[in-house]
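Here is how names work: the chains are called A, B, and so on, in the same order as the sequence lines, proteins then strands, and each is numbered from 1.
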Amino acid sequence: MQFPPPVTAQILLSLLRSAASSQLPALTRHIHAHLLKSCLLHSSPFPSSLFNAYTKSDLHLDAYILFDEIPHPDICLYSSLLAAHARYNSLSSFLSIFRRMISVHFLLPDDFVLATLVNACARFLSLRLGRQVHAYVLVSTFSSDDIVKSSLVDMYSKCGLPNDARWVFDSIELKSFVSLTAMVSGYAANGWIAEALELFWRMPERSVFVWTALISGLVRSGNGFEGLNLFVEMRREGTRIDDAFVLSSVVSASADMAMLAIGKQLHCLSVSLGYESNMMLGNAFVDMYAKCSDIASSRMAFDKILMNKCVVSWTTMIVGEAQHGRAEESLALFDRMVSSGVKPNEITFVGLIYACSHIGLVWKGRELFDSMLKDYGIKPSLKHYTCLLDLLSRSGHLSEAESLIQIMPYEPDEASWAALLSACNKHGDIQLGIHVADKLLRLKPQVSSTYILLSNTYAIAGKWDSVANARKLMDEMEIKKQPGYSWIEVGREGCLFQAGVVPLHMRENILALLKELMEEMKRRGYVPDTSSVLHDLDEDEKELQLFMHSERLAVAFGLLKSASGMTIRVLKNLRVCGDCHTVMKLISSISGREIVVRDANRFHHFECGRCSCGDFW
DNA sequence: TTAGGGTTAG
């Protein structure tokens, strides 16, 4: 390609900026060649613009080679290099560049470099360094720079200190759009919803940028519903969606709440807006379908990301397959990922060891754990140790699990001990179970699940006095078990169920259904778990109580709706274990319909009928 | 040249 004459420096600069914003590697390389030929490469601001275009187009190596070819890098080029290190490398590599800038090239940080430095502190959550930089900013000539202060607002918010963020924000005299967005985002991400909304609605105008900041902050702080409703508001206000950021956030919200109908609408909307091939959004859809138990669609969304599947795409699919018990597929995906040249990250290994845990593939789990550091330079974190511990525990390697917990280089947390304790119960190792429960009680005396696990341990050993003592201790300490919730999405409606609470208007239907279900279970030789002591109840009531106590009411409700001819998906918070699986199989075979179950650890409250179909259009 | 918005686990 030849540029038609005359090509001014101004035109070349505009072209470079377009190449950076639209991620055009071929154009970037072409301009690079042209700059070399016309001896413009070393004149400012070409080196920094070109560097920027390379990094934005994912050509990091080209960018670093370019930097090394410039004998006297100026502060602009250093600023770009530092921004790239903040985005793609470690804090230590960032700081070594920063030191080189000062001691080798004798350049002092300007407002651009300070903003980048604060941004790096935020990304790496280095509050200590962030405070030092803040102190430097206050005594520097940039103490009232809006951009630097906006990044400080962001840094404190990301470090979980919204009060400090507000202190900086209040010190900004003339608040720009950037500082307002940073504060709205900070409030929302820290769960300060009222403050976020107040500031947001007081803004004279709202761009898609600030809408995204608010919605994504809400989604990340576990307020997905508010996020989805605001997305509807945003569409009503007529805000133009000109990139995939806000869509990714709302897709993530629908994934978190397992709202398949909403997720599908968002998929249609994304296609109609032309973001079908956006990788980030594609990743969000892979995750959404997997979390909604539609693993086939998840795989289809994954296959649609034709080119440049990134580590997030692969990891999302690996975790999705693992969560559906398809460990072989997870491991095969990992092999494909490595052969395609994508380097796994720490989350990939969490997913892989989790996959092994599901099918008891102990040797493979150990092999993957060892290869993390050896082959990929990733130091196993506490999460990885807990995953390995879970794998060993579930598969009955209790003594190995116990020695692992002793030698691991981290202080075991609640999850580590709980994994071991529940395995002790499963495999009947009472002595070890009591020992572990003791550790867990010391660590988290206020957590109800510990007492429940401990009382289960005693129950397995037949020590009923100790069971009663554990329960009594719980009562004395006024520890309440958090109620379990289940929810079902039926067509356009979501219904929330709490264990032990039967909606009155459904009582008759549910009782009739349970009777049918119990008869079928007995016919197939399944003996219901009657360890719960149920006094003074007639047979129907007892059966109902059994279901209520084990969160299976939602399943029963699913069957009820299914029998009436509607498609049913039983979603989050249904514990998929033991007898519950049997019930699920029975229901699907009785009703002849597909019923999909997902197990989750988080609780989400859900109100009927909100965000119904069509709101996004 | 910088800043504010995004997707994967727990």
Would you kindly give the [atom1]-to-[atom2] distance between [X] and [N], to the nearest whole Å?
X: A:Met234; N: B:dG6; atom1: CE; atom2: C1'; answer: 13 Å
X: A:Leu382; N: B:dA9; atom1: CG; atom2: P; answer: 18 Å
X: A:Met279; N: B:dT7; atom1: CE; atom2: C1'; answer: 8 Å
X: A:Phe177; N: B:dT2; atom1: CZ; atom2: P; answer: 19 Å
X: A:Ile241; N: B:dG5; atom1: CD1; atom2: C1'; answer: 13 Å
X: A:Leu281; N: B:dG6; atom1: CG; atom2: P; answer: 14 Å
X: A:Asn283; N: B:dT8; atom1: CG; atom2: C1'; answer: 8 Å
X: A:Met288; N: B:dA9; atom1: CE; atom2: P; answer: 14 Å

Is it the case that more than 12 heavy atoms not belonging to [X] sit under 6.0 Å from its [atom1] atom?
X: A:Glu205; atom1: CD; answer: no
X: A:Met203; atom1: CE; answer: yes
X: A:Glu233; atom1: CD; answer: yes

Contact residues, [range] to DNA chain B [heavy atom, < 4.0 Å]:
range: residues 162-173 of chain A; value: none
range: residues 196-217 of chain A; value: A:Phe209, A:Thr212, A:Ala213, A:Ser216
range: residues 349-357 of chain A; value: none

List the atom pairs, with distances to 0.1 Å, where a side-chain N or O of residues 115-124 of chain A and a protein N or O form a donor-acceptor pair under 3.5 Å, not counting sequence neighbours.
unit_1	atom_1	unit_2	atom_2	d
A:Thr116	OG1	A:Phe112	O	2.8
A:Asn119	OD1	A:Arg123	NE	3.0

I'd like to know whether the aromatic ring centres of [X] and [Y] sit less than 6.0 Å apart in this structure.
X: A:Phe200; Y: A:Trp211; answer: yes
X: A:Phe209; Y: A:Phe245; answer: no
X: A:His85; Y: A:Tyr64; answer: yes

Quiz item: Given A:Trp314 and A:Phe302, is the ring-ring contact (aromatic ring centres under 6.0 Å, His included) satisfied, shown in steps?
Solution: CA-CA 8 Å; A:Trp314 289 100; A:Phe302 176 74; 5.2 Å; yes
Quiz item: Are A:His267 and A:Ser270 close enough that a side-chain donor and a side-chain acceptor fall under 3.5 Å?
Solution: no
Self-check item: Between A:Tyr88 and A:His60, a side-chain donor and acceptor under 3.5 Å
Solution: no
Among [options], which nucleotide has an atom closest to any side-chain atom of [X]?
X: A:Ser185; options: B:dG4, B:dA9, B:dT7; result: B:dG4
X: A:Thr316; options: B:dT8, B:dT1, B:dT7; result: B:dT8
X: A:Lys56; options: B:dA3, B:dT2, B:dG5; result: B:dT2
X: A:Ser248; options: B:dA9, B:dG6, B:dA3; result: B:dG6

For [X], which contact category applies under a 4.0 Å heavy-atom criterion: base, sugar-phosphate, or nothing?
X: A:Thr315; result: base
X: A:Asp243; result: base
X: A:Lys158; result: sugar-phosphate
X: A:Ser49; result: sugar-phosphate
X: A:Asn345; result: base

Quiz item: Among pairs that include at least one residue of residues 147-162 of chain A, which meet side-chain hydrogen bond (donor to acceptor under 3.5 Å, both in side chains), considering only residues two or more places apart or in two chains?
Solution: A:His134-A:Tyr156, A:Lys149-A:Ser171, A:Asp154-A:Lys158
Quiz item: Would one find a side-chain N or O of A:Asn119 under 4.0 angstrom from OP1 or OP2 of B:dA3?
Solution: yes
Quiz item: Closer than 4.0 Å, any side-chain N/O of A:Lys309 to the OP1 or OP2 of B:dT7?
Solution: no
Quiz item: If you look at every heavy atom in A:Asn283 and A:Ser313, which pair is closest and at what distance?
Solution: OD1-OG, 2.8 Å
Can I get a per-line list of side-chain donor-acceptor pairs under 3.5 Å for residues 341-354 of chain A, giving both atom names and the distance, sequence neighbours left out?
unit_1	atom_1	unit_2	atom_2	d
A:Asn345	OD1	A:Ile347	N	3.0
A:Asn345	OD1	A:Thr348	N	3.0
A:Asn345	OD1	A:Thr348	OG1	2.9
A:Thr348	OG1	A:Thr315	OG1	2.8
A:Thr348	OG1	A:Asn345	N	3.0
A:Thr348	OG1	A:Asn345	O	3.3
A:Tyr354	OH	A:His358	NE2	3.4

